[in-house]
Amino acid sequence: MNLDWSVVWLNRDALIAATGTTIMLTIATMAIAVPCGIVVAILRLYAWGPVRAAATFYVELFRNLPLILVVFWAFYVLPILTGLSLSPLATGLAALALNVTAYNAETFRAGINSIRRGQVEAAMALGMSRAQALRRVIVPQAVRRILPVLASTWVSLFKDTSLVSVIAVTELAYVAMQIRAQSFRVLEMLTAMAAIYWLLGYPQAKLVDWIQRRYNVTE
Amino acid sequence: MANVEISATRAKSAGAKIIRYRGVIKRYGAFEALRGVDLDVHAGEVVCLIGPSGSGKSTLLRCTNGLEMTDGGEIEFEGALLPRDEKPLRLMRARMGMVFQSFELFPHLTALENVAEGPRTVLRKSLAEAKTRAAAMLAKVGLADKEANYPSALSGGQQQRVAIARALAMEPDVMLFDEPTSALDPETIGEVLNVMKVLAEEGMTMVVVTHEMTFARRVGDWVAVFDTGRIVEQGPPQQIFDAPLTERTRDFLSHLGWAG
Amino acid sequence: MDFDFAVITDHWRFLASGVGVTLALSIASGVTSIAAGLVVALARLYGPRWLRPMIVLYIDSMRAIPVLVVLVWTFFALPIVAGITLPPFWAALVGLTIHLAAYAAEIFRAGIESVRPGQTRASLALGMSRAQIARRIVLPQATVRMLPAFGSLLSITIKDTAIASVIAVPELMRQSETVQGQSFQPIEVYTFAMLVYFLILFPVTRGVDRIYRRLAHLGRS
């Protein structure tokens, strides 16, 4: 085994840029998936028949498909559906957003539903409308339950960005494996790739733990 | 079967009828929770609903402010039929105060904020006005020093008193109590019943579902005994507790160990 | 836009073998991860002190590193480090197990810790031994509580087998890629793959839901 770790240092610029792309993808996906998730959750909870069914179908569909398949499918189908020629990055972002929106919608719905009926009744007994009860009583409580789950979804998303490497998006996994292919430094690059993910992901996982402890809901 | 209407003098029947129940029916699937209830609640009266669990007392209360919809009969509040549409129903709800067995304080708000929530959000008062009113109500129930506390820091009895203050802050025409002390430790039941007694003495119209027979006997003006969805007997407390007219009432009271 | 789904029927044997591999890999890695996860969880709860920080490090690391990275490393890097070259299916099995066992261990730990200590106290008061308590009182309740989480883990396992396509495991995803590469009909092929995955996954999540609802009362104390 003759190892040459300098390949990591030599390619540090590319790796840093790629890491930036990974982080940016995570942030951008969440920026889309949180508001969209809220909308879908509200549709599932309060909308009228067919709309509600459509929202439920959407959520159940994307929760029961492998993300890597969604990425490939988006790559081939989106250009045809939208008529636009999307960059791999945009396609990857779209696939991730579709996927995470579905999970978020479920998180928001479960969070809202977990608030006791009595709370809604007390609000309505005061004369509040459903909308007022939602805004003043349910949402503030639901947020405390939703936040830990959302944090956990964030960390999963961060790891899932690695899957868009299959459509040649220049994030960390893709770039690391490119360098491996070009330099033949297999062990060094793959280990470096794992190490970089670890360095970024480990603190995030610990942060999630902290959030879950802090927002520990006791009824 | 018509409700047994007693011709005994009804102390406060001179007042306006705040609530009228006529033949109220409520079903849950095949189960009939209310099978035709007739009852009047006059201004300033304290009407106590007693009876075994599942006899329909709480159901009637929840139909009164529209938390449940009736399947038959009618409920009149201050001369108008209870509407079925949200908007007018909401306006009526704002004139009724409800106190729940499980308190249902909003855990993310302090005691003061809980009490101010109704005036602020429903009556659209300014924050300052709502808070002033809230402070007054909290003082009225004896919790002026707990304004800044969250419900989790309050005992059951204190939480229930805050809940009463929250309902009072809306300046309701009637207060509905759904087993207000059933979830409380014995030591704290007294403090809540005292607040209710003061309210009664001030002339508040109250409908109280309760198992506290001593309260019903001493503070109630009119008592209705429920059994399987109907009122089997109603009358002044002296009649119900001292000289009940029906077998069912006697059975119920003896099961409770009521010695008079 | 016109679609020709004949490409599916033309290659159905090839694709069906992919489904077979997907199922085989899912079941195999499901079993090995749960077994390994149990060992890890027990080692953490009842094993020697010095082992604990290492186990925590392992579990938290698997929360940080993507499955793709673990699989790729197991297939390409392990031969260099350890001299063992694993064929794709086995590399995927090992990689998936390493990744998923961490999650399984956490589920076991949370499940066991969630049984109220009063249950243990009551059992001790009756005169039971620790082993009896674990076997007859704690573990049965914990198992019921862990069902939803394991159901979810099973669902994740099946989805992760699709990532094994990256290291040339001939499961459904990989077979689909091959077919669409030859026939240039990616939409039909991938839509078919989506349908198959959905038909496998949906009953799994629903089924676990149902079973849990039936048994939930057994776990409540």
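The figures here come from the full heavy-atom set of this structure, side chains too, leaving out hydrogens, waters and symmetry mates.
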- [ ] Answer with side chain, backbone, both or neither: which region of A:T191 has an atom nearer than 4.5 Å to a non-hydrogen atom of chain C?
- [x] both

Open item on the list: At a 4.5 Å cut-off on heavy atoms, which part of A:R180 comes close to chain C: side chain, backbone, both, or neither?
Closed with: side chain

Task: C:M173 portion near chain A, given a 4.5 angstrom heavy-atom threshold - done: side chain

Open item on the list: Once rounded to the nearest 0.5 Å, what's the spacing between atom CG of C:D160 and atom CG of A:L163?
Closed with: 8.5 Å

Open item on the list: Between C:L57, C:V67, C:L78, who has the most heavy-atom pairs with chain A when the cutoff is under 4.5 Å?
Closed with: C:L57

Task: Part of C:T205 lying under 4.5 Å from any heavy atom of chain A - done: side chain

Open item on the list: Tell me if a side-chain donor or acceptor on A:S152 pairs with a main-chain N or O of A:P148 at a distance below 3.5 Å.
Closed with: no

Open item on the list: If the threshold is 4.0 Å, N to carboxylate O, is there a salt bridge linking C:R63 and A:D209?
Closed with: yes

Task: Which of C:D60, C:V69, C:L68 touches chain A most, by non-hydrogen pairs under 4.5 Å - done: C:D60

- [ ] Please determine if A:R116 and A:E121 form a salt bridge, counting it only when a charged side-chain N lies under 4.0 Å from a carboxylate O.
- [x] no

Open item on the list: At a 4.5 Å cut-off on heavy atoms, which part of A:Q204 comes close to chain C: side chain, backbone, both, or neither?
Closed with: neither

Task: Structural part of C:V72 lying under 4.5 Å from a heavy atom of chain A - done: both

Open item on the list: To the nearest 0.5 Å, what is the distance between CD1 on C:I65 and OG on A:S162?
Closed with: 11.0 Å

Task: Any side-chain donor near an acceptor of the partner, A:W154 and A:T26, under 3.5 Å - done: no

Open item on the list: Tell me which of these, A:L172, A:L69, A:V186, has more heavy-atom pairs under 4.5 Å with chain C than the rest.
Closed with: A:L69

- [ ] Tell me, for C:S165 versus chain A, whether the close heavy atoms (under 4.5 Å) come from the side chain, the backbone, both or neither.
- [x] side chain

Open item on the list: Between C:E113 and C:R145, does any NZ, NE, NH1 or NH2 come within less than 4.0 Å of an OD or OE carboxylate oxygen?
Closed with: no

TODO: Below 4.5 Å from any heavy atom of chain C, which atoms of A:L199 appear? Answer side chain, backbone, both or neither.
DONE: neither

TODO: Can you tell which part of A:M189 gets under 4.5 Å to a heavy atom of chain C, answering side chain, backbone, both or neither?
DONE: neither

TODO: Give the member of C:L201, C:I156, C:V70 that has the highest number of heavy-atom pairs under 4.5 Å with chain A.
DONE: C:L201

Task: Aromatic centroids of C:F150 and C:F108 separated by under 6.0 Å - done: yes

Task: chain C contact via A:A205 - side chain, backbone, both or neither, heavy atoms under 4.5 Å - done: both

Open item on the list: Closer than 4.0 angstrom, basic N to acidic O: yes or no for A:E106 and A:R109?
Closed with: yes

